[in-house]
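Computation of the quantities below employed the complete heavy-atom set of this structure, encompassing side-chain atoms and omitting hydrogens, waters and symmetry-equivalent molecules. The model shown is predicted, which means the values in this text are computed figures rather than measured ones.
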Amino acid sequence: MLPRGRPRALGAAALLLLLLLLFGFFLFREDLECERRERGRSGAFPCVLTPRIPLDGRPRGAAALDGDPQVDHRGHNHSDCVPPRPLPPRCELLHVAIVCAGHKSSRDVITLVKSMLFYRKNPLHLHLVTDAVARNILETLFHTWMVPAVRVSFYDADELKPQVSWIPNKHYSGLYGLMKLVLPGALPPDLARVVVLDTDVTFASDIAELWALFAHFSGVILLRLDRLRRAGWEQMWKLTATQELLSLPATSLADQDIFNAVIKGHPGLVQPLPCVWNVQLSDHTLAERCYLEAADIKVIHWNSPKKLRVKNKHVEFFRTLHLTFLEYDGNLLRRELFGCPSPLPPEAEQLQRALAQLDEEDACLAFRQQQLLVHRVHITFLPHEPPPPRPHDVTLVAQLSMDRLQVLEALCRHWPGPMSLALYLTDAEAQQFLRFVEASAVLSARRDVAYHVVYREGPLYPINQIRNVALAQALTPYVFLSDIDFLPAHSLYDYLRASIEQLQLGGGRKAALVVPAFETLHYHFSFPSSKAELLALLDTGSLYTFRYHEWPRGHAPTDYARWREAQAPYRVQWAADYEPYVVVPRDCPRYDPRFVGFGWNKVAHIVELDAQDYELLVLPEAFAIHLPHTPSPDISRFRSSTAYRDCLQALKEEFHQDLSRRYGAAALKYLTALRQP
């Protein structure tokens, strides 16, 4: 028991089952119920929902799961006098508010939302109070997720900070842990009701069951917000906080301390909530007394710093449920609601119309469908610090899949500058990637590497769509468009910045700086530290010019013989099938997304650069070396399937038609190249 002079920690506020209503505002205190059961008496609230457990502590039977727990003769979770609560109408819009800041909290929100979407049968409107980082992440994610019957509104947390910044607070969440205090004023005045949740909860039931509790509170328990405003809610909590801080140097539980103090002085604001809606897994809660069986639980609250490592006899059940949603394929949650009109986001409607217009008999249907798909995108999946602004700075841009993770540490050692890397992963693979980075001292130490997850969907590899995600997220004036299998020279980052300055590219000169590409067929070799060492390896047959044996046309225009002797950058002309690795301004043309799988994805980009009059300048001291790896599934299909190659040829011809429409007669020079097999 806590000292009488200090209000007990508000468990429901911790979950943020702080329920704000346009027509009412009330709080549920789950911990009072647990404390009441612990003392073995009925408590102060007559006629409330009370999760019951026999006094001997031994669960008997199972609680009913249709709505709220019901009475039975064996002591199950039940209500003393409240009848079963009907669920809200299927098409009623449910409102949920969440405060979210930073990279990790953004990942947590996604898992929480997945668990809600899995069980929900109603449209949802998410009200997200975010900092700039979380908004950038979540705005992109929900825009590309395109879940039917889900609306998302954002509110700037920075605008709310002045209202709570005067409160000393020791809680790890900082000012964001106090944001719930100002939600009544921050949310739209015409908002009817909203359930407010912490980011570290996992739903195990339909949120409509929780929403249904709204319908059965009235009188002094359910306060109307207009009355609350007339009563001065803002002045109420601020005055209470000021009084509390006279004896309390700082809040340790963030807004919970303030809520507790307000409730102490205004007990009429409180209504107990069945604690199956807030099973708290911290070291100081009585979670196991809230339910008879693990399957009875509605919401799991990971409010312990230990998170998934917390001790509880049912923790394996809880952990499995949480991990299920953590790794659940979010694409499966794009389903429409049964029996309720589910208006699609405009982008989803456009996508459906485009897919409907495709010819089902087209031999290249898979290519057409893949290039139209909108992939879920989670930008800055891990903590990232933007580089300081420098006029000649360069970001290495590349894409990869799960089978190339082993290259990342070596790449980080070779390239000390910023990187923007897009990864094509499933939801489960994204969690494996997270653990991979956290276990690596090299990778976890780098905060200038931005990782962006493009979630896997469809049979073909959307390579140019993935590249465009990485390119769009680069923050420096210039980008080095590379592939993940290349290791740049150790000195390349500094050399590129110096070259950009010397060539005065910042003055509007349109140029693409070519980094000559080489390859080794050996998995272990001594990486050259200079051009002279590279030439020696080239002469001994330890290195080759890139694709010399398989595709010499791809890099022959670089003119490696001239490069051997060059002391200054030199210009080369575009030629058919040329696909060098280049440094260009960040606002360069994007990759053509029609090219999926293997073939012509980089070639088309170089054609576009040439069509827009970019000079191709080869740098005399720059180089990157390709490491050997097993062939990708798409290159294997290209080599083995005539139909695959025919489809690629069809895409090339369509690409040229688009070039002709955009550049007119200037595109004729590419016609011969495009028609080569």
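Listed here is the closest heavy atom pair of Ala149 and Leu337: CB-CD1, 3.7 Å. Contact record, Ser440 with Ser444: O-OG, 2.6 Å, taken as the closest heavy-atom pair. Contact record, Asp427 with Gly330: OD1-N, 3.3 Å, taken as the closest heavy-atom pair. Nearest heavy atom pair, residue Val147 against residue Leu333, reads CG1-O, 3.4 Å. Shown here for Asn122 and Arg90, the closest heavy-atom pair between the two residues is ND2-O, 2.9 Å.
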Leu160 and Val164: CA distance, side-chain angles, deciding distance, side chain to side chain contact (heavy atoms under 4.5 Å, CB included) verdict: CA-CA 7 Å; Leu160 303 178; Val164 295; over 6 Å; no
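Taking 4.5 Å as the limit, some side-chain heavy atom of Tyr461 sits within range of a side-chain heavy atom of Gln399. The closest side-chain heavy-atom distance from Leu382 to Arg107 is below 4.5 Å. Annotation: side chain of Tyr455 is not in contact with side chain of Thr144 (no heavy-atom distance under 4.5 Å). Proximity of Cys412 to Met419: side-chain heavy atoms (C-beta onward) are separated by under 4.5 Å at one or more points. Within the 4.5 Å cutoff, no side-chain heavy atoms of Glu139 are placed close to those of Thr130. Residues Phe118 and Leu332 form no side-chain contact, since every pair of their non-hydrogen atoms from C-beta on lies 4.5 Å or further apart. Using a 4.5 Å heavy-atom cutoff, the side chains of Gln473 and Thr380 are not in contact.
Of the residues listed (Phe433, Phe381, Tyr424), the one engaging Tyr451 in a ring pair (Phe, Tyr, Trp, His ring centres under 6.0 Å) is Phe433, and it is the only one.
Relative orientation of the His127 and His125 rings is parallel, given thresholds of 30° and 60° on the angle between their planes. The aromatic rings of His95 and Trp211 sit tilted, their planes meeting at an angle between 30° and 60°.
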